[in-house]
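Atoms within each ligand, like the ligands themselves, are counted from 1 in listed order. The model shown is predicted, which means the values in this text are computed figures rather than measured ones. All values below come from the heavy atoms of this structure, side chains included, with hydrogens, waters and symmetry mates left out. The residues of the chain are indexed from 1 along the displayed sequence.
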Amino acid sequence: MSDLPEPPGLPLLGHVPALVRGPAMHRVLYAWRESYGPTFRIRLGRTTAVVISSPDIIATMLRERPETFRRARAMSELIKEIGGHGLFDAEGDEWRRLRPLAIRGLKTAYLRNAFDTITRSAARLRDQWMAAATGERIPVLDDLMRYTLEVAVGLTMGHDLDAIGRRDEPGPHQQLSLVLDTLTRRMNSPLPYWRWVRLPADRRTEAAVTQLSELIKERYADAEQRVRTGKQPDNYVESLAEACLRNGDRISEQDVTGSVLNMIVAGEDTTAATAAWAMHYLATHPQVQERVRAEAAEVLGRDHYPADTTALSRLTYAEAVVNEVIRLRPASPFLMMETTTDTTVTDGRTELRIDRGTVLVPLLTYGSDSDPERFPDPGVFDPDRWLSAAARQPSHAQGFLPFGSGPRFCPGRNLALMESTLIVSMACHNFVIDPDTSAGPVGERVTFAVLPTRLGVRLSPIPAPAR
Ligand code: HEM
């Protein structure tokens, strides 16, 4: 490890200033990857981390969990401290216990009410956009954050937060997006300042987490009652209650609040960012917009959005748009991991010996926007590439893991694709989308997800008879 190349950094702070102040963090890592090769070292304050881009080594790291590799301890501790401990940051036996519960809970939610919950929120969003004046700047990321939060709360707890309708009223939806900002700020801070002094943003984040935890506890108590009377679970908390009452699974109150919060936070910003980037690409690619519109006209007819999952599954071009957005703007381009033991990994060409406790940063999607071997004309936004037979070849997926891989693969992938595809299709079916750069050019900001900044669009409703 000591012979790995390292970009120039500062004494004490190492590479943190370059990562925080430069362009979005993953872009800085990509630039260093170009100069220093597939494996290099960086210093995050006193911690040395190894950045890895070899697809084979990354696949091994993701597969050998939770035994040999884990999420970075520092990050897990921050999530715990903020009160959001759950599946994402659990390790070892705790993770083995929580993972099947989460998978079963999400499956229950998908099967029973995911579609209705998503369309209810999409309908509210459509109404809100319809009510906006033609030509008004629509802050799509904010709107889509409320959409994904509303869906996540509906699916996990069966509760209608109505974050879209009540957008100007106080509530967790006003502050929840601060959670990832706060986590990121704490992660990048050279000192754990929040243990001595809380900034106003820290206090607001903690208040939002407390508020949501109270809601989860309430909903779980109700779910227990319903399940005791023989009701079949309809959502994630009911599924947890059933596992506890019927199967005797050990689930504490903390398991429930943490798991649900964790699920909401893991799914909200990532999916909202993907849908918001999709709106950006649609606005700047009118010919793609036109094709989504033509597909929607054929599949949806006079409906505003798909009537059922069969209609949704026929929106293949809209889904290709989402996949292409994820290729160019993956919401989670890297992970922060750690080894649990001394180990050696290899991709057949190089062998990397890693000491126990070393922080590792696998670049999950490196090259997806620049490698012409896997993605011809990589810089071009071309949804058609996802409709070709080549898109189904395993080599296409090599080194492109936007949802991770192995035993900790993202359990929310299908939900994220459903939510985003529905927005893409609904938006083009109901509106002409134009870019609005009055706030400046669109940029990127990394919290735990890569979010678009200054993104606005203008929406012109398409009169119903014209559809
Ligand atoms: C476009 C949207 C999304 C992206 C790009 C994304 C990406 C990821 C990635 C990269 C991981 C790490 C996987 C690994 O360690 O191998 C992950 C894990 C996770 N995601 Fe997602 N995700 C998205 C949406 C969602 C949604 C909607 C939910 C919840 C409903 C969700 C819940 C989770 C959870 C709970 C984990 C932790 C799983 C575990 O550690 O066992 N994600 N996601």
Self-check item: For ligand 1, the portion of L335 having any non-hydrogen atom under 4.0 Å away
Solution: side chain
Quiz prompt | Interfacing atoms of ligand 1 (cut-off 4.0 Å, heavy-atom, P402) | solution = 5 (C), 7 (C), 10 (C)
Quiz item: In terms of atom number and element, which parts of ligand 1 are under 4.0 angstrom from non-hydrogen atoms of R65?
Solution: 14 (C), 15 (O), 16 (O)
Exercise. Could you list the atoms of ligand 1 found under 4.0 angstrom from a heavy atom of T274?
Key: 1 (C)
Quiz item: Any nitrogen or oxygen of S332, main chain or side chain, under 3.5 Å from a nitrogen or oxygen of ligand 1?
Solution: no
Quiz prompt | Distance under 6.0 Å and angle within 45° of ring axis: R327 vs F375 | solution = yes
Quiz item: Which atoms of ligand 1 have any heavy atom of W95 under 4.0 Å away?
Solution: 39 (C), 40 (O), 41 (O)
Exercise. Report, in ascending order of atom number, the atoms of ligand 1 lying under 4.0 Å from any heavy atom of L87.
Key: 35 (C), 38 (C), 39 (C), 40 (O), 41 (O)
Quiz item: When you check the side-chain N and O atoms of S121 and E150, is any donor under 3.5 Å from an acceptor?
Solution: yes
Quiz prompt | E253 atom CD: more than 12 heavy-atom contacts under 6.0 Å | solution = no
Quiz item: Just distances here: any N/O of R71 and N/O of ligand 1 closer than 3.5 Å?
Solution: yes
Practice problem: With atom 42 (N) of ligand 1 as the reference point, say which of G406, P407, C410 has the nearest heavy atom. | Solution: C410
Quiz item: Is R374 positioned over the aromatic face of F400, cation under 6.0 angstrom from the ring centre and no more than 45 degrees off axis?
Solution: no
Quiz item: Hey, which atoms in ligand 1 end up nearer than 4.0 Å to a heavy atom of S405?
Solution: 16 (O)
